[in-house]
Amino acid sequence: MKTNEFRKRSVAICGFRRYGRKLYEDLKKSGTNVVYILERNAEALEILEQELDTPIVGFNRGMDFYGQADVLLITPDLPGHVVEECLALAEVHIERIFMDASGQIVSDKEEVQKREEKACKYPDVKEEDWLKWKDRKILRFKDCSTDRERCEYKADKMLQQENDEWMKKKYPNLYKKLRIGTYAEAFDVICQNIMIPDSKERFVHFVDHKFLFDTTRGYRFENITPDYERWIRHGFDELKYPESEVSNKFCEDYNNTLDSLSSLAMRIARHYEEAGKAVTEHTGWIVDCFKNMRDKPSSGFADALQRILFIDQMFWQTGHRLMGLGHLDQILWDVYKKDRDSGHLTRELAVELLCDFFQALHRYCWLKSNLLLGDTGQIIILGDKGEQGEWLYNELTELFLEAAGRVHLPDPKLMLRVGADTPDTMFASAIRCMHEGTGSPILANDDVIMPRLLDFGVKEKDALHYGVAACWEPLIPGRSISPNNMKVISFPLVMRNALYRDEAKECGTLEEWMKLFDGELQKEIGRLEGIIDDFRFQYNPLLSIATDSCYQKKCDVSARGANYCSCGFTTVGLSNTVNAMFNLKKLVFDERKYTLAEICQILENNYKGNEGLCEELKRGELRYGMDDEKVIQLANSIMRKASAYLGRYHNYFGGRFKLGVSAPAYIDASKDEPASLDGRKKGEPFGVHISSESGNGYTELLHFASQLDYKDNRFNGNVADIMVSPDFIKNNFEKMTMLVKAAIRQGVFEFQMNVVGSDTLIAAKERPEKYPNLVVRVWGFSALFVELPEAYQNVLIHRALENEGKGMKQFQAKG
Amino acid sequence: MFEEKLLLTNIQRMCFHDGPGIRTTVFLKGCNLHCPWCSNPENMVSEKMGLEKTYDVEQLVKELRKDEFFWRDSGGGVTFSGGEPLLQSASLRKAIDLLKEYDVHTMIETALFGSRTALEQVIEIIDGLIVDVKLLEIDRCREILGGSLDVYRENVRLAYEMGKIDRFRIPCCKEYTFQQRNSEMIVEFVGKYKDIPIEIFSVHRLAENKYRRLGIIQPSYHGVSLEELEWFQRKLLLAGIAAEIIQI
C-alpha cells in the first residue's frame with residue numbers, strides 16, 4: 001500500500017498496538033492528516049495519549065470522533081467486526097479499508113456494501129436525519145450524586161445545543177421524549193424506543209447503544225448481583241404494588257418501571273410476531289415467552305432463561321456495569337425439574353440451551369466490558385446451602401459446568417461454592433471444567449467465607465446464600481448493594497512513602513521503621529475518606545425491584561431499601577511489600593551493607609549499575625508465598641493494620657468497609673510506581689493475587705494462603721491463583737482433584753487456576769492470528785489472550801515459565 | 001550424633017509420581033552407581049554445588065510436615081529418593097521412625113544396589129519401595145553402572161518376600177536399558193514378580209545445566225519416543241505384565 005494515496009484525505013487508524021504504529025509513522029511522514037486512532041485497549045490508550053499528538057479514541061467511548069475521518073484504515077489489531085460495532089454506536093458511514101499484517105489492502109467494497117445494508121431501521125426517523133443527529137443518541141444524565149438533585153435525572157445539556165432546534169422542529173414528539181426528567185420517564189423512553197434487532201439466535205438478548213444511560217463510574221450501582229428469582233416466579237404485574245398500596249413516589253416509579261418493562265416485552269413479542277418465521281425458527285416460542293412476561297410466571301426452563309436474559313439486558317441498557325447473575329442452578333431448578341419430569345426436556349437439550357444462553361450473554365462482551373475486553377462481571381454462582389446448612393448441588397450445577405466447558409467462552413464465568421464436605425464428584429466436575437482452560441469455575445470456600453460473613457453481621461439465613469460480586473468479593477445476591485471495589489490501596493506506595501520519611505534515616509531496626517510504615521498506611525487510608533464521603537447511591541427503581549426488602553420497606557435502594565450496604569476496597573502489591581521488607585531488614589538493619597539513603601538512591605536509579613543486587617533481591621531468602629512463619633506473620637500484620645484503619649470508617653448509610661488482597665490493579669497501579677526493594681524495576685507489574693514465583697509445588701502456596709488471616713473485614717476477595725499446564729492436569733487428574741480438595745479443607749479462601757502452557761502463550765503472542773480463541777484468566781475474569789494488552793500477556797507468560805521451572809531468562813534469550 | 005543428620009539436596013513438595021497420593025520427595029545426596037542417564041548428578045558426586053543441606057532428623061520432619069494436610073487428604077506421604085537413600089540408612093531409619101509417630105506413609109525409591117544391612121535397617125518399617133530396574137547383564141551392569149547384580153537380585157528377593165516392593169520403575173534409555181538384549185531380560189526379570197505394578201518412562205536430558213555447573217561432561221545417550229514406550233508396554237503385556245507409562 002502506498003501511504004501517499006491518502007495524502008489529501010482525513011484518515012483514522014483502527015487498532016494500533018502491533019501493526020498500526022508503522023502505518024501511523026508512514027502516514028505522518030507522507031503528510032497525511034491522521035485525525036484519530038481508534039484503540040480499544042485501556043492501557044494503550046493512556047500510554048499513547050502521552051506519546052502521540054493525535055487523539056486516541058476508546059472503542060466504545062469515541063462517538064464524537066467517528067465522523068471526522070473520511071477513510072478508516074483497519075489494521076489486523078482490531079478485528080473488522082469490532083469496528084462494525086464501534087461504528088454502529090454512532091451510525092456513521094466512513095469508507096473502510098482493511099489491511100493485513102504486511103500493510104496490504106484486503107478488501108473494502110464488500111464491507112462497505114454490508115454496512116449499507118444495515119440502514120437505519122428507526123421507526124419514525126429518516127436515516128440521513130439520524131446521521132445528522134448522530135451525537136445525540138446517548139441519554140446522558142447529569143452527574144448529580146453529591147447534591148440535592150441527585151435523584152433527578154436530566155437529559156444531557158448537549159440537547160440544548162444548536163441542533164436541538166432542528167430536531168425540535170422536525171420531530172417534536174421524539175424530542176419531547178428525550179428531554180427526560182425522572183428515572184421512570186427515562187426508563188419508559190428506553191423501553192418505548194430501543195430498536196429491536198432481528199436476532200436469528202434462540203434467545204433474544206440485545207443492548208441498543210442509542211439509548212444507553214451515561215455511566216458515572218463510582219456513583220452508579222455496579223459490581224453487584226440482582227435477584228432474578230422473583231422475575232421467574234412472577235409475571236411483572238404480580239410484582240407491582242396493588243393500587244391501594246401505592247403510597248409514595250417510589251411505589252409509583254416502581255410500578256411504572258414494571259409497566260414499561262411489560263410494554264417492552266409486548267413490543268418484542270409483536271416485533272417477532274410481525275417478522276414471523278422468516279427471521280428465526282424460534283419465532284413462535286419467543287413470541288409466547290415475551291407475551292407471558294406481563295402476567296405469568298415462567299412456563300419452563302427455556303422460558304426462564306429467556307426471562308433472565310431480558311431482565312439482565314435492561315440492567316446493561318440502563319448503565320449498570322459488572323452485573324452478576326446469581327445462583328442460577330438453584331433459581332432454575334424448579335422449572336428445570338418440572339420440564340424434565342414431564343418429558344419436555346432432555347439432559348442434552350438442557351446443555352444445548354445453556355450453551356445458547358452463554359452465547360447470548362457473551363454477545364455484547366465488547367460493550368459490557370469494563371477495563372479490559374472480557375471484564376464484564378457476568379458471574380454465575382453454582383452450589384448453595386439449605387436451611388440446615390446442607391449442600392444444594394443438583395443436576396443443573398453439573399450442566400452449567402458442562403456447558404461452560406463446551407462453549408469455551410471467556411465470559412460469562414462460573415463460581416462454584418465448595419467446602420470440606422463437598423462430594424468428590426463435584427470437585428472432579430469442577431476440575432474437568434477448569435481443564436478446558438476458560439478459568440472457570442473459581443472456587444469459593446464456604447468453610448472460610450461463611451464464618452467471616454456472620455462475624456461481619458450478615459444474618460445466618462442470608463449468609464447461607466452468599467455469592468460473589470463481579471470477581472470474587474463475597475456478597476448476598478439480591479440483598480447487597482455493596483460496591484466492593486471502590487479503590488485500590490497500593491502497599492508499595494505506602495512503603496515508598498515510609499522509606500522517604502526524614503525520620504527513616506534514624507531508624508536502627510526494622511521495628512522502628514515499621515512504625516513509620518504504619519503511619520504512612522494510616523495516612524493513605526485516610527485519603528480514602530474523600531471517596532467515602534463523596535459516595536452516593538443513585539435512585540434506581542429497576543434495581544429496587546430486584547433487591548429484597550425494597551418492596552416491603554417501600555423505599556428505593558438509594559434510600560436504604562437494601563439490607564446490606566457495606567462497601568469494599570481492594571489492595572495490591574502485598575507480596576512485593578513483604579519481600580521488600582525482608583530485604584530491607586537484611587541489607588540495612590541486619591547486615592548493614594547499605595544505609596537507607598543508599599537504598600533510596602539505588603531505587604531512584606532503578607537499579608542501574610546494581611543489576612546483581614536486583615537479581616539477589618528477587619531471590620531473597622524469605623518471600624511471600626513461602627509457608628514460613630515469619631512471612632505469614634508479616635503479611636498478616638500488614639493486612640490487620642490496614643483493615644483496622646479502614647474499619648473506623650462508615651459510608652453515609654452506616655455500612656462498613658471491607659478489604660481483600662485480590663485486586664485487578666496489579667498492572668495499572670504499578671505502571672508509575674518506581675522501583676521497589678523486592679527487585680522490581682520501575683513500571684514492572686506487582687504480584688498477582690495470592691500467587692508466588694518461588695513455587696516449591698502448589699502445596700506450599702496453598703498452605704500459605706490457608707494461613708493468611710481473613711477475619712474482621714479482610715474478606716473482600718482473597719484468591720489463590722496458580723498456573724497449571726493442561727497436560728499436567730490431564731495426566732494427573734485424580735491427584736489434582738485431591739490437591740484442590742485438600743486445599744479447600746485446609747482453609748484456602750478462594751481458588752482459581754490458569755490452565756495453559758508457556759509454549760502456547762508464547763506462540764500466541766508471536767502469531768496471534770493462529771490463536772484467536774485462546775482463553776486465559778486475567779483477574780476475576782477471563783479474556784481472549786490475543787486481545788490482552790502486552791503487559792498482561794507478559795505477566796502470564798512470565799508466570800507460566802516460572803511455573804514450569806523455565807524462568808524468564810530463557811524466554812528472553814529466545815525472544 | 002552423626003547418625004542423627006541427613007545430607008540432602010532438595011525437598012520437592014507436591015510430587016504426584018513417587019507413590020500414592022500427594023507426596024513430598026526428599027532427595028538424599030550420595031550414590032553408589034553412576035548411571036550415564038542420571039538426572040540428579042548432584043546427588044552422585046561428592047563435589048558441593050551449594051545446594052546441599054544437612055538436616056537434623058527432627059528439623060527435617062518438621063519441615064516435611066508442612067504438607068501433612070495434603071498427605072492426609074490424598075493418602076500420600078513422604079518418599080525418600082536420591083541418590084541412593086540406603087547409603088544414609090541409619091539416619092534414614094530415624095527419620096522414618098519419627099514420621100511413623102505421626103502416622104505418615106513413607107516410601108523409598110532405591111536402585112537396591114546397597115548393602116543388605118542397610119536394607120534390613122529400614123525394610124521392616126517402610127511402607128513400600130519403588131525399585132529401579134536398569135541393566136541386567138552382569139558385565140554391563142558392573143562396567144556401566146558400577147553395581148553388582150548379585151547384590152541387586154538378592155535385595156530384590158528379600159524385599160519381595162517381605163512384601164515391600166510397591167512398584168518397579170524402568171528408565172528407558174536407548175543405548176542402555178532399552179537395548180534389545182537388556183529389554184528382553186527386563187521382561188523376563190519382572191515376569192517373576194507379576195503382582196508388582198510397573199512404571200516405564202523415557203529418560204530425558206533436562207539435567208544439562210546441572211552437569212555444566214558441576215563441571216562434568218554429560219554422557220551421551222538418548223531417551224525413547226512415546227511410540228517406543230508403547231511398543232515396550234505391549235511387549236510386557238504379551239508376557240502378561242501390565243505396565244504404566246509415566247512422565248517424569
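Letters go in sequence order (proteins before strands), and every chain restarts at 1.
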More than 12 non-hydrogen atoms from neighbouring residues, nucleotides or ligands closer than 6.0 Å to NE2 on B:His222, yes or no? no
What distance separates A:Glu700 CD from B:Met14 CE, expressed to the nearest 0.5 Å? 11.5 Å
pair B:Phe69-A:His703: side-chain heavy atoms closer than 4.5 Å: no
Are the side chain of B:Lys66 and the backbone of A:Asp627 linked by a donor-acceptor contact shorter than 3.5 Å? yes
Closest heavy-atom contact between A:Met738 and B:Ser74? SD-CB, 3.3 Å
Separation of A:Glu734 CD from B:Ile22 CD1 (nearest 0.5 Å): 11.5 Å
Is it the case that atom CD in A:Glu591 sees more than 12 heavy atoms from other parts of the structure closer than 6.0 Å? yes
Measure the spacing between CG of A:Asn731 and NE2 of B:His17 and express it to the nearest 0.5 Å. 7.0 Å
How long is the gap from CZ on A:Arg745 to CZ on B:Phe70, to the nearest 0.5 Å? 11.0 Å
Is atom NZ of A:Lys730 surrounded by more than 12 heavy atoms (other residues, nucleotides or ligands) closer than 6.0 Å? no
What's the spacing between A:Tyr698 OH and B:Phe16 CZ if we round to 0.5 Å? 8.0 Å
Flag if over 12 foreign heavy atoms under 6.0 Å of NZ, A:Lys711: no
B:Gln59 CD: over 12 foreign heavy atoms closer than 6.0 Å: yes
Atom CG of B:Leu226 with >12 non-hydrogen neighbours under 6.0 angstrom: yes
For the CD atom of B:Glu68 and the CD atom of A:Gln746, what is their distance to the nearest 0.5 Å? 10.0 Å
In this structure, are over 12 heavy atoms from other groups packed under 6.0 Å from A:Glu621 atom CD? no
